[in-house]
Number of protein chains: 2
Amino acid sequence: MTTRWLTPEEQRAWRAYIAATHLLEDTLDRQLQQDAGMPHLYYSILATLSEAPERRLRMTELAEALKITRSRLTYAVTRLEKDGLVRRESCRWDRRGSVAVLSDAGTAEVERAAPGHVETVRASLFDHLDEEQVGQLEAICTTIVRSLQGEDASTPAGDDLPWRRRSSPCS
Amino acid sequence: MTTRWLTPEEQRAWRAYIAATHLLEDTLDRQLQQDAGMPHLYYSILATLSEAPERRLRMTELAEALKITRSRLTYAVTRLEKDGLVRRESCRWDRRGSVAVLSDAGTAEVERAAPGHVETVRASLFDHLDEEQVGQLEAICTTIVRSLQGEDASTPAGDDLPWRRRSSPCS
DNA sequence: TAGGTTTGTTTCAAACTTGAACCAAGCTAG
DNA sequence: CTAGCTTGGTTCAAGTTTGAAACAAACCTA
C-alpha cells in the first residue's frame, strides 16, 4: 500500500504540535526546576498523589494515571522518597504491591509550588485560548488518548481520577 | 495576588493534554526505535535536514527549528555522525559555525523509515481528527509557540522552514 | 497442591538530557 | 587596534529514561 502522506494542513499542524510540546515541556520543566528543584513529571507525581484518596496510590495506578512506564515511575519515586516527599508502603491486600504515599512534607511542597506552576500553565497556554479552544483541545487530546490505549474506550479520559477537587495543583 | 486556579474545563483539557503527549511521544519513540533504531527526535533531525536546501543546516538553525537546546542537538548529531547518517562540516562564512549535512546513507534512511513513521502519526492522530480539528490543533499549537517564544510573533510558526515539499517525512 | 502462567515491581546497563562552564570567533566602542 | 561583550558550539558531570531481565507473590488448573 502506497504511503498516505500528510496533507499540507496536516503537516502544518504536526510541525506546530511538535514545536508547541517541546517548548511547553521545556518551560514547565525549567519553572519547576527553579522553583521546586524537580522536573515537571516529579511534580505531577506529587500533585496526583495529593488528589488521591488518603494521598496514596498503588505504583501501577500512578503510572497509568500519568501514562508513564512503571520503571520510570520507580526511579522517580525513589528520588522523591530520598527527598522525603513520598514514602513507600507495602500493600496489605496484595503483598506484591507497593503503595506510594505523599508525606506531610510532600503535601506542603505541592501546596508551596502549585501557584507558580498553575501560573506558568496559564501564562503559557490557557490565557491565550478562548473557552471554545479549551474544549477543542480537550476533545482532540481525548481522541489521541483513546486511539492509543483506550481501545476499550469506556471512560472519557481523565475521569479515571474522579476524586479530583476544584482548586487543584493541576499536575 | 491570589492564584487563578484552573477551571474544571481547563483541568480536564490539561489532564488530557498531558496524557496525550506522553502516550504519543511513547508511541512514536517505540515505533521508530523498532523500525529505525533511533528515538523520535533523532528521526526528526534527519527529516528536517532532508528538507533543507542542500540537506544542510547550521547547528543553531536546526536546534531552533526543532525547539531543542543546542547541547541536546550536539549530542544527537554526534551519535548520528557515528552512525554515518550525518556529517559535520565547518561553516565557510563564520568560522565558529558548524553545519550538519545529511549523508546519502542518512537520506536513504529517512526515505526508508518515513512511510512507517507517517503511518504511525496518521494512525495515532490524524485518522481520528476531521479537517476542522486539524485546523484547531494547528491554531492552538501555534498560539502556544507564540506565547512561549514568538514574542516578536512575525512568522506564523512553522513557516520558518518554508522550503518544505509536499510528501514530507514529517519529522 | 505442584507446576505453570500472569501480575506487580524493581534492577541494571546503556542511552539520553540538562545546565553550567568553557572555548573560540565575531563584533563594537573607545 | 583592542579590551570587553555577544554568539556559535562543545564538553562534562549529574540526573533521568529506556527496555530487557529478574524476582516474587498471586492465580490458575489439572
Side-chain angles (χ1 to χ4, degrees), chain A residues 21-45 56-83 85-101, chain B residues 21-45 56-83 85-101:
Chain A
T21 51
H22 281 171
L23 287 172
L24 192 42
E25 238 339 72
D26 265 28
T27 302
L28 297 176
D29 272 337
R30 263 196 275 280
Q31 187 270 318
L32 282 166
Q33 194 69 54
Q34 285 294 315
D35 195 359
M38 66 183 77
H40 179 210
L41 176 66
Y42 291 53
Y43 173 85
S44 298
I45 291 172
R56 63 178 56 232
L57 235 27
R58 292 276 304 253
M59 292 296 279
T60 295
E61 293 178 84
L62 193 43
E64 269 161 13
L66 296 168
K67 315 302 183 199
I68 61 174
T69 61
R70 291 193 210 54
S71 102
R72 193 178 178 185
L73 181 62
T74 294
Y75 179 90
V77 167
T78 302
R79 194 258 229 207
L80 292 171
E81 201 171 18
K82 265 175 205 135
D83 295 349
L85 304 176
V86 164
R87 78 178 162 279
R88 271 185 246 245
E89 292 182 6
S90 52
C91 180
R92 244 206 277 357
W93 303 286
D94 182 343
R95 258 174 313 179
R96 290 168 301 182
S98 81
V99 182
V101 187
Chain B
T21 51
H22 281 171
L23 287 171
L24 191 43
E25 241 335 74
D26 266 28
T27 302
L28 296 176
D29 271 338
R30 262 195 275 281
Q31 187 270 318
L32 281 165
Q33 194 68 55
Q34 284 294 316
D35 195 0
M38 67 184 78
H40 180 210
L41 175 66
Y42 291 53
Y43 173 85
S44 297
I45 291 171
R56 63 177 56 233
L57 236 26
R58 295 274 305 251
M59 292 297 279
T60 296
E61 294 178 83
L62 193 43
E64 269 162 12
L66 296 167
K67 314 301 182 201
I68 60 174
T69 62
R70 292 200 210 56
S71 102
R72 192 178 179 186
L73 180 62
T74 295
Y75 179 89
V77 166
T78 302
R79 194 258 229 203
L80 292 171
E81 201 171 20
K82 264 175 207 137
D83 295 349
L85 304 176
V86 165
R87 78 178 161 278
R88 270 185 246 246
E89 292 182 7
S90 52
C91 180
R92 244 204 279 354
W93 304 287
D94 182 343
R95 257 175 312 179
R96 290 168 301 182
S98 81
V99 182
V101 188

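Computation of the quantities below employed the complete heavy-atom set of this structure, encompassing side-chain atoms and omitting hydrogens, waters and symmetry-equivalent molecules. The shown structure was predicted, so the numbers you read here are calculated from the model rather than taken from an experiment. Each chain gets a letter, A, B and so on, in the order the sequences are listed, and its residues count up from 1.
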Those residues at least two apart in sequence (or on a different chain) that pass side chain to side chain donor-acceptor pair (under 3.5 Å) with B:T60 are none

Rounded to the nearest 0.5 angstrom, the OG1-NE2 distance for A:T21 and B:H22 is 10.5 Å

To the nearest angstrom, the NE2-P distance between A:H40 and C:dT18 comes to 14 Å

Distance-only criterion, 3.5 Å: show the donor-acceptor pairs between side-chain atoms of residues 92-101 of chain B and protein atoms not counting sequence neighbours.
unit_1 : atom_1 : unit_2 : atom_2 : d
B:D94  : OD1    : B:R96  : N      : 3.0
B:D94  : OD1    : B:R96  : NE     : 3.0
B:D94  : OD2    : B:R96  : NE     : 3.4
B:D94  : OD2    : B:R96  : NH2    : 2.8

In this structure, CG of B:D29 is separated from OH of B:Y42 (nearest 0.5 Å) by 10.5 Å

Are there any protein N/O atoms within less than 3.5 Å of an N/O atom in nucleotides 22-29 of chain C, and if so, which ones and at what distance?
unit_1 : atom_1 : unit_2 : atom_2 : d
C:dG26 : OP1    : B:R95  : N      : 3.0

For nucleotides 10-16 of chain C, 5' to 3', base contacts (B), sugar-phosphate-only contacts (S) and non-contacts (-) with protein non-hydrogen atoms under 4.0 Å give BB---SB

Sorted by chain and residue number, the ring-ring contact (aromatic ring centres under 6.0 Å, His included) partners of A:H40 (sequence neighbours excluded) come out as A:H117

The side chain to side chain donor-acceptor pair (under 3.5 Å) partners of A:R56 (sequence neighbours excluded) come to A:E89

Is a donor from one side chain sitting under 3.5 angstrom from an acceptor on the other, for B:Q31 and B:D35? yes

Per the under-4.0 Å heavy-atom filter, residues of residues 22-31 of chain A near DNA chain D come out as none

Rounded to the nearest 0.5 Å, the CG atom of A:L41 sits from the CG atom of A:L28 at a distance of 12.0 Å

Hits for salt bridge (Lys or Arg N to Asp or Glu O under 4.0 Å) against B:R88, two or more places apart or cross-chain, chain-then-number order -> B:E81

Hits for side chain to side chain donor-acceptor pair (under 3.5 Å) against A:R72, two or more places apart or cross-chain, chain-then-number order -> none

Interatomic distance, CG@B:L73 vs CD1@B:I68, rounded to 0.5 Å, equals 4.5 Å

Here the gap from A:R79 atom CZ to A:L85 atom CG, rounded to the nearest 0.5 Å, amounts to 8.5 Å

Outermost contacting nts on DNA chain D, any atom under 4.0 Å from chain A heavy atoms, listed 5' then 3', are D:dG15 to D:dA26

